[in-house]
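Data block below; observations after.
Below, chain A is the first sequence line, B the second, and so on; all start at residue 1. All values below come from the heavy atoms of this structure, side chains included, with hydrogens, waters and symmetry mates left out.
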Protein chains: 2
Amino acid sequence: MEQAKEHNWTVTVADADLPTARKKVAGHPQGKAAWLDVQKVNDRRDLIGRADVVVSLLPPHLHLEVAKDCIQLNKHLITASYVSKSLYLLGDEVRQRDLIFMGEMGLDPGIDHMSAMQKIHAIHEQGGRLTAFRSYTGGLVAPESDDNPWHYKISWNPRNVVLAGQGTAQYLQDGKLKYIPYNRIFQSYRHIEVPGLGKYEVYPNRDSLLYREAYGLEGIPNILRGTIRAPGFCDAWDALVRIGLTDNSYPIVDSESLTYHELVEAYLSPKIKSGSVRDRVAQFLGEDAESEVMHKLDWLGLFSKKKIALPSATPAVILEDLLLRKWKLRPDDKDMVIMQHEFEYELKGEHQLLVSSMILKGEDAVHTAMSKLVGLPIGIFVKLVMLGKIRSTGLQIPVRKEVYQPVLTELRNYGVEFVETSPQPS
Amino acid sequence: MEQAKEHNWTVTVADADLPTARKKVAGHPQGKAAWLDVQKVNDRRDLIGRADVVVSLLPPHLHLEVAKDCIQLNKHLITASYVSKSLYLLGDEVRQRDLIFMGEMGLDPGIDHMSAMQKIHAIHEQGGRLTAFRSYTGGLVAPESDDNPWHYKISWNPRNVVLAGQGTAQYLQDGKLKYIPYNRIFQSYRHIEVPGLGKYEVYPNRDSLLYREAYGLEGIPNILRGTIRAPGFCDAWDALVRIGLTDNSYPIVDSESLTYHELVEAYLSPKIKSGSVRDRVAQFLGEDAESEVMHKLDWLGLFSKKKIALPSATPAVILEDLLLRKWKLRPDDKDMVIMQHEFEYELKGEHQLLVSSMILKGEDAVHTAMSKLVGLPIGIFVKLVMLGKIRSTGLQIPVRKEVYQPVLTELRNYGVEFVETSPQPS
């Protein structure tokens, strides 16, 4: 809004709920709140028609209709979501009309693309040859607000936290493709050292191979994208996976009247006959009764005799409901986002390792680092488009210098900064 | 066809491929071959309109359109497939028109329903109270044709063999619901003793709870449906699941040019760095290099340097292709179907255990026990309907005495016989 004032722009916030839109505008003279049911084609087109640049923060499946309107009405479009196949298919039309549709302009995807590309291009320009690229992101809790044994609180979509890793992770190692099925993903973590913070765990994402071409890394022998978690998280999450509590495919019978204790018991093998449910879980997991993993499960309340009180809920929905309460950011809690890239390359016959890290903490449970990092790149890019500083057209993700350079530069004004270190390659 | 001759009926075999239909009719004077593209509504209705009873052996998703035609044209309908929800919704209309639509009239589902219901009704009539019902079926290879370490050959849908167990098994034990996620299903087998054959393994099916009401077993504390396999099968199949080779959700990159050896290597954890692929698999599985499981994996050729030679294939498709060759019935091989029910009940204060078993061997790779057991119940039931011996109407599965009694009686003429034993309850 400050930028809007400087340039005398108007920012229209549209929402299906007018009070929500009004709250976001917060009486700013450059702001306007609009009520919009996005399914109402004429209303939507009317609003889009009056804009210069459209930002869609809608659920991803709704972007396509907005994108079609933008083409018809000659408007630029920006989203923070993954670019879907159907959106990609609009690319030619977008370019023909001299428009720019920028997708994946958030944190991850978004800042990861930009910060990685800046280094990749710099290494290429020096004459370096990349042999490994690894990129990790984690939305965590800041150490000063960390008061639970999982060292985790939820700062983004909780459903995605529960379903994380479902599918098969694919990545490249020593020139060979690796596949890690879901039942082993949280056993397949590696350790990283984050400058100033210490050791973290990283488990592999599904999509490590996705950006090889977009990044110009065809033929690179090592590529991995991963998610950062605190030490000890992955082993304990793996226990939840093994028990079966992350499954979202079927409802638990009578979930409303069951207790957490009874739910967990329902997953215990009939082969282990004696002992409390907690003891039998420890035995099944091969954990000592007093292990860190068991302590984390205890803390979640999985062995409590409290009622689940959710009708026809899947295991994943039950777990999500529990985690939303246990891993909730308190009003004064600060979240923390870590992003770290590892670049290994050959330069003048020498093997180099460059680690580039960004750490950002939120202010409180509302002004989170997560929301800042998802929102700022969009805002900055809108300004660049409005000022005519973006020449290229078509459907893009932010991997071009023309885009990442000014966005990363301006992000620094908001404390979003990558620090580079060069540890000895292992 | 013999029955058709006796009663002067005509059997019309319709197929999208006329030679196939002709081959099945095999020149029988009571038979007629018809060419039918089932998607062509008018052709389909024309053919249905000229029949008295319609048997649909189409892929399950195509039954619904045939069923709607049958309602419109007042024809009875019989299938061996599971009754879908959309088919269930037609039940009222079927009854109003005095028609019978019989689903699940094959082996499993089919003969399992009928043979179980005969005993359940008999126990109830004696005044017995059932405390446990377990029902197991397996399509196997006859001992005399068993020449591989898995003791298995494929006599039915190979895709279903590979995808077996995917989902979560649910069953009742001591009045409590049990959930077994896919990653533990093949570790959760039990042993059974089949009279005359010896020990087998049984892993739990997904659908154990499905028939509680249909069988009149509401409130029974123990209910389990399972699949029978030879001893040692489940541990070895569990190894395939753990490696990740039964996944059908994504294609393997360059599957055409990879070898089986390379495919398996792609699933190996990078944490295990030394040793051959076979050694690393053994280490990952926690198996001795010379164990039965490793021997079975060897025999499949998973460590061979042969090319997979299938483009864009999922792990499950690659495995299916391999198993189709390794587990193929040779022309003279006999398959074998085992079905076994366990009934535990209280009668006059005494705990009783009754085991009812059926074993049928095929003649050769074409005239399999599997095809006989899926086809015979349909044929017998068609005859009963044609002779007006079925009074009840509506959409059914074969759980009524009026249906199972004459079908089971006639099945005995074809060697399909259940033998009862009463071992000491454990």
Exercise for review: For residues B:Arg206 and A:Tyr250, determine if any side-chain heavy atom of one lies less than 4.5 Å from a side-chain heavy atom of the other.
Suggested key: no
Study note, to complete from the structure: From the list A:Asp174, A:Leu268, A:Asp247, A:Ile180, the residue making the most non-hydrogen contacts under 4.5 Å with chain B is A:Leu268
Practice item. Keeping the roles fixed (side chain from A:Lys176, backbone from B:Glu262), state whether a donor-acceptor pair exists under 3.5 Å. Key: no
Exercise for review: Identify the residues of residues 302-315 of chain A whose heavy atoms come closer than 4.5 Å to a heavy atom of chain B, ordered by number, or report 'none'.
Suggested key: none
Practice item. Sort B:Leu263 into side chain, backbone, both or neither according to what part of it lies under 4.5 angstrom from a heavy atom of chain A. Key: neither
Review point. Between B:Tyr179 and A:Val253, what is the shortest heavy-atom contact and its length?
Key: OH-N, 2.9 Å
Review point. A:Gln187 versus chain B, heavy atoms under 4.5 Å apart: side chain, backbone, both or neither?
Key: backbone
Check your understanding: Can the positive tip of B:Arg184 be found less than 6.0 Å from the middle of the six-membered ring of A:Tyr267, inside 45° of the ring normal?
Key -> no
Review point. Would the number of heavy atoms belonging to other residues, nucleotides or ligands and lying under 6.0 Å from CD of B:Glu292 be above 12?
Key: no
Check your understanding: Is there any residue in residues 218-245 of chain B with a non-hydrogen atom under 4.5 Å from a non-hydrogen atom of chain A, and which ones are they?
Key -> B:Val241, B:Arg242, B:Ile243, B:Gly244
Review point. What distance do B:Asp254 atom CG and A:Leu177 atom CG have between them, rounded to the nearest 0.5 Å?
Key: 7.5 Å
